[in-house]
Amino acid sequence: MQLTFLGHACVVLRGSKTVVIDPFVPTGFPKDIKPDAIALTHAHGDHLGAVRDLHAHVICMNELAHYLSGEGLSTDPMNIGGTIEHDGVSYTMTWASHSSWIDTDGSGKYGGSPAGFVITMDNVTIYHAGDTGLFSDMRLIGELYRPDIAFLPIGGRYTMGPREAMMAAEFVGAKTVIPIHYNTFPQIGLTDKEVLSFKTTIERTTDLSVTLLKPGESVELS
Ligand code: NI
Ligand code: MN
């Protein structure tokens, strides 16, 4: 399976199917990527992104699914702790310590709980934490689902910063950690030194490795 980071929190999984998580791409969602399904961690605009333009099946929190299906999108509602299978891909919704708000013109709407996802396709399991603070039940996610790779937010302010995310990486225990949700906007900016120290500290103190991906870069897993 090929995993491509498109920037911010957007990750594309390409194997027997093409799945996109949180299709917000600062430079615009690439026209040549046609997802079979989209997993949304929560309703904030920097995660919904191009969801309305991609014409793919959307898997997300019940309240958000209800709202998007009202706009005519094809949706699969679920909630935290549940697992569904769609097109041979399995999606488990996990807890995220954050908020969720659908930004409509002037008056927002409650988006239901924010979430993370554990997704298994072609025998590869990934964990995308969504937007979240650190929580100790990340250990359970690690123990139960044994993800091969973890995408963790490190930009601070709205989510964990590098310090918290180092502990998150240990809790989850995925062999490969890919940091996301930083440097997209000045408010979540990190210095090169901070990002590098996230990587070197984890690699010095654990047997995990951190892969830093620039938008558009991929890793292969089998
Ligand atoms: Ni958010
Ligand atoms: Mn966000």
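All ligand and atom numbering here is 1-based and tracks the order in the structure. Since this is a predicted model, take the numbers as computed values, not measurements. Because only heavy atoms are used, hydrogens play no part in the values below, and waters and symmetry mates are left out as well, while side chains stay in.
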Electrostatic pair K199:E203 at N-O distance under 4.0 angstrom
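The answer is yes: the pair qualifies as a salt bridge.
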Charged N to carboxylate O below 4.0 Å: is that the case for K17 and D122?
no
Closest D131 atom to the Mn ion (ligand 2) [N, O or S only]
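When I compare the N, O and S atoms of D131, OD2 is nearest to the Mn ion (ligand 2).
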Of all N, O or S atoms in D46, which has the smallest distance to the Mn ion (ligand 2)?
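In D46, the N, O or S atom with the shortest distance to the Mn ion (ligand 2) is OD2.
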I'd like the atom name of the N/O/S atom in D131 lying closest to the Ni ion (ligand 1).
OD2
For the Ni ion (ligand 1), the nearest N/O/S atom on H44 is atom ND1
Flag for H8-D46: side-chain donor and acceptor within less than 3.5 Å
yes
Have T120 and T125 got a donor and an acceptor in their side chains that come within less than 3.5 Å?
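The answer is yes; a qualifying pair exists.
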Where does the angle between the aromatic ring planes of H47 and H42 fall among parallel (under 30°), tilted (30 to 60°) and perpendicular (over 60°)?
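Tilted.
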Would you please classify the geometry between the F117 ring and the Y91 ring as parallel, tilted or perpendicular, with 30° and 60° separating the classes?
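It falls in the perpendicular class, over 60°.
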Heteroatom test (N, O or S) for H98 near the Mn ion (ligand 2), limit 2.8 Å:
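No - counting backbone and side chain alike, H98 has no N, O or S atom under 2.8 Å.
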Heteroatom test (N, O or S) for H42 near the Mn ion (ligand 2), limit 2.8 Å
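No, since none of the N, O or S atoms of H42 sits under 2.8 Å from the Mn ion (ligand 2).
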Which angle, to the nearest 10 degrees, do you find at the Ni ion (ligand 1) between NE2 in H98 and NE2 in H42?
100°
